[in-house]
Amino acid sequence: MKRRDFLKGASAGSLLAGTAIAGSPAVRAETKIKWKMVTTWPKNFPGLGTGANNLAKLITEMSGGRLSVRVYGAKELVPAFGVFDAVSRGTAQMGHGAAYYWKGKIEAAQFFSAVPFGLTANEMNGWLYHGGGMELWEQMYAGFNLVPAAAGNTGVQMGGWFNKEIKSLADLKGLKMRIPGLGGEVLKRAGGTPVNLPGGELYTSLQSGAIDATEWVGPYNDLAFGLYKVAKYYYYPGWHEPGTTLEAIINKKAFDGLPKDLQAIVRNACSVVNQDMLAEYTARNNAALHDLVTTHKVQLRAFPDDVLQKLRTLSDEVVGELAKKDKSAQQVFDSFRKFRDQVRAWHDISELAFLKARG
Ligand code: CA
């Protein structure tokens, strides 16, 4: 009896002591951290913007408010394409966007968002998390005082919106199209003029004729922007973006200054959002495609096989040349290509064979 009473007393005592420590004003003041997250998306934009919101909410909730994150849409704090610099210099502690937007700073960053005829969402995650990709990405961004994380994926995108039919590669000549990253380089080689514009400017640019065509994401997001009102044909597949990874970037100094448990929360919240966004796109693209075709009478078109074949040849050239730019690009390309070759052999007899069998 006496021993039990003693133990009871001891545990109540430690509980009290624990409460006192965690509740002391000094400790609370020290552990409340507030971060800003700047994004390349219009605030609350379905899928992309709401994914960034989810990421902030998860970090805030999982940390019990010890680390709270406030989200800023494009232009609220910095312009869409100012996100990388803002987080790098610490104006904001976090950012959400896509790595191919930073090709002007680090060309090989494009491998970590989308490569034409490259990896699907599932394959990207395999490469990043278990195929050496993440380590290479971290190495590349460390020089900019940034920690990268995969934080969303759109799945296979659509080929884009056009006001004329694409029947041969010649139809791409002279075409001014919004298409970022390596896909844009491929279009240039096919005789087109690629431009990179933030999502929020696509509708008016297409409407005013500043651009002739645009790609954005897929049915769910393209419907939200109303692109069907300013273009007649909707082409598939998104050869240039087979499974685009969205990124979270974290100011390295801010990240290194966090206690280990908060670092784990930030990393794991990114992983959750990475997976959840893909699930959301998979679910919502179906409904949106139906809406576009039945309600808005959008003309769906497939790129002809020979056009895709030529685009693939041009893509191989563009990606191969990028790899030769510097040592780090070559290293990333080697890792990416090795993974792609191996996963293709496996997916030929798994995903592809199954999808064909299902019909
Ligand atoms: Ca896109």
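In this text, all values refer to a predicted model and were calculated from it rather than measured experimentally. Counting from 1, the numbers follow the sequence of the chain as shown. Whatever order the structure lists ligands and atoms in, that order sets their numbers, starting from 1.
With respect to the Ca ion (ligand 1), Glu215 has OE1 as its nearest N, O or S atom. Distances from the Ca ion (ligand 1) to the N/O/S atoms of Glu241 are shortest for OE2.
Remark: aromatic rings of Tyr141 and Phe84 are close, center separation under 6.0 Å. Taking the six-membered ring for Trp, Phe162 and Tyr233 have ring centres at least 6.0 Å apart.
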### Thr154 vs Glu241, side-chain hydrogen bond (donor to acceptor under 3.5 Å, both in side chains): CA-CA, chis, key distance, verdict
CA-CA 9 Å; Thr154 62; Glu241 300 200 54; 5.7 Å; no
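Under the side-chain contact (heavy atoms from CB on, under 4.5 Å) criterion, Ser271 pairs with Tyr129, sequence neighbours left out.
Here Ala114 fails the criterion, with no N, O or S atom under 3.0 Å of the Ca ion (ligand 1). In summary, Gln157 places an N/O/S atom under 3.0 Å from the Ca ion (ligand 1), meeting the contact criterion.
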